[in-house]
Amino acid sequence: PARIVLYIYDNLCTLISDIGGIKMIVGGISVYTAVMMYVLLVGIVILVKRGCRVSLVKKNLIVLLFGAAFVMLVIFRTDKGFRLDMLYVGQGDGIYIRTDMRHDIFIDGGSTSEESVGKYAILPFLKYHGVRSVEYWFVSHTDEDHISGIYEVLESGYRINNLIFAEGFESQEACVQLSDLAKRNKTRVLFMSEGDEITYGDTRIEVLSPEPRENSSDGTLPPSGQSASGFDVNENSLVLRVRCGDFCGLFGGDIGAETERMLTAKYDLSDVNFYKCDHHGSKNSSDMSFLEEMNP
């Protein structure tokens, strides 16, 4: 009988937790907010216990106002302005950006040295900072140390509005699998290439590479690490330049010296003052001419 009761209880809890809007991410709170919450709670208790001289209608109205103020303290996000966080994910990448208009963006999210990096690093970070959904999640390329955590985030049911890949990856096996999971999660899948950009207020995200490519026509899935048309997955990483005020950052996934020299010849990178080292600081990346062109 005990087993049956627990089974019913467990399934009812699971069923209720899946109802839309039943859960809310509120994030960590400051000491000031916590104190204000306790003051409101004490005020409500005092009013209910000792507010005999107040009419029932007025008492209920005051309790309702106190309760509304309490909820606002919990759900209202006070963080403002541009923010950049580089998460520790071991061998991999995980980059969070909040625009000046408070839109939440992520670049990559994976690891080959840390287990369950999505569950134990990315999701706790997002939830602590009260990020209820990510507007754009950029995937520089489909190596495991850039996407393993994204699988976990999607499987958890966390809301990602748009998942963005570089053009040319449409038939790459890992891209197909991740795209299918995203679509089941009602996430829109997009492909971007050189010249595309997204703008929020003063924040501008430009795609510098790869060049636009035609989709593969044979419909076959390539092996991991190689696209359908045979191009190098690393060299065709999505390269993003993010500007906001005096900040100008360059995020190039796992590109190597060949693509870096192409970027140097094609763009004026002298205003780049933040550089996320390409390919995790590989000896085959961060070409000297490329570094000299920037001022990170």
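These values consider heavy atoms only, across backbone and side chains, with no hydrogens, waters or symmetry-generated copies.
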Closest non-hydrogen atom pair, [X] against [Y]:
X    : Y    : result
V89  : E114 : O-CG, 3.4 Å
C277 : G281 : CB-N, 3.9 Å
S148 : V117 : OG-CG1, 3.9 Å

[X] versus [Y]: any side-chain heavy-atom pair under 4.5 Å?
X    : Y    : value
S209 : M262 : yes
Y158 : I122 : no
M36  : L40  : no
M192 : E167 : no
L263 : R261 : no
D10  : T14  : yes
K266 : E194 : yes
L15  : N11  : no

Donor-acceptor pairs under 3.5 angstrom involving side-chain atoms of residues 249-256: please list them, not counting sequence neighbours.
from	atom 1	to	atom 2	distance (Å)
D254	OD1	H146	NE2	3.2
D254	OD1	H280	NE2	3.4
D254	OD2	H141	NE2	3.0
D254	OD2	H146	NE2	3.3

- Task: Report the C-alpha separation of V131 and F125 in whole Å, then their side-chain angles, then the decisive distance to 0.1 Å, and conclude whether the side chain to side chain contact (heavy atoms under 4.5 Å, CB included) test is met.
- Result: CA-CA 9 Å; V131 180; F125 169 86; 5.8 Å; no

- Message: Before you tell me yes or no, could you show the steps for F165 and V189 under side chain to side chain contact (heavy atoms under 4.5 Å, CB included), namely the whole-Å CA-CA distance, both residues' side-chain angles and the distance that decides it to 0.1 Å?
- Response: CA-CA 8 Å; F165 298 90; V189 177; 3.9 Å; yes

- Yes or no on side chain to side chain contact (heavy atoms under 4.5 Å, CB included) for F169 and N236, after CA distance, side-chain angles and deciding distance? CA-CA 9 Å; F169 282 79; N236 283 273; 4.2 Å; yes

- Apply side chain to side chain contact (heavy atoms under 4.5 Å, CB included) to D278 and E260, showing your working. CA-CA 9 Å; D278 295 331; E260 290 172 343; 2.6 Å; yes

Just wondering, more than 12 heavy atoms not from [X] lying within 6.0 Å of its [atom1]?
X    : atom1 : result
F274 : CZ    : yes
E197 : CD    : yes
Q177 : CD    : yes

Under 3.5 Å, side-chain donor or acceptor atoms of residues 288-296 against the rest of the protein: list the pairs with distances, not counting sequence neighbours.
from	atom 1	to	atom 2	distance (Å)
S289	OG	D287	OD2	2.3
E293	OE2	L269	N	3.4

Can you check whether [Y]'s main-chain N or O pairs, donor with acceptor, with [X]'s side chain at less than 3.5 Å?
X    : Y    : result
W137 : I164 : no
D196 : S193 : yes
S30  : T33  : yes
E155 : V153 : no
D93  : G109 : no
S140 : L238 : no
R159 : N185 : yes

- How does the hydrophobic cluster around V39 look, that is, which other residues are in it when side-chain heavy atoms under 4.5 Å mark a link? V31, V35

Any side-chain donor paired with an acceptor under 3.5 Å for [X] and [Y]?
X    : Y    : result
D104 : Y96  : yes
Q91  : T112 : no
Y120 : E152 : no
S111 : D145 : no
S286 : Y275 : yes

- State which residues pass ring-ring contact (aromatic ring centres under 6.0 Å, His included) with F82; sequence neighbours excluded, sorted by chain then number. F247

Hey, what do you get for [atom1] ([X]) to [atom2] ([Y]), rounding to the nearest 0.5 Å?
X    : Y    : atom1 : atom2 : value
D143 : H279 : CG    : NE2   : 7.0 Å
L84  : I107 : CG    : CD1   : 8.0 Å
D100 : D202 : CG    : CG    : 5.0 Å
L181 : I160 : CG    : CD1   : 8.5 Å
I16  : L12  : CD1   : CG    : 6.0 Å
H103 : I198 : NE2   : CD1   : 10.5 Å

Establish whether [X] and [Y] are linked, either directly or via other cluster members, by ILVMFWY side-chain heavy-atom contacts under 4.5 Å.
X    : Y    : answer
I95  : I205 : yes
L123 : Y136 : no
V134 : V139 : yes
V233 : Y151 : no
M101 : V242 : yes

- Message: Show me the pairs that pass ring pair (Phe, Tyr, Trp, His ring centres under 6.0 Å) and involve residues 8-44, at least two apart or across chains.
- Response: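 Output for this query is empty, none listed.
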
- Message: I need the full list of side chain to side chain donor-acceptor pair (under 3.5 Å) pairs touching residues 238-248, with sequence neighbours left out, sorted by first then second residue.
- Response: E206-R241, E206-R243, R243-D271

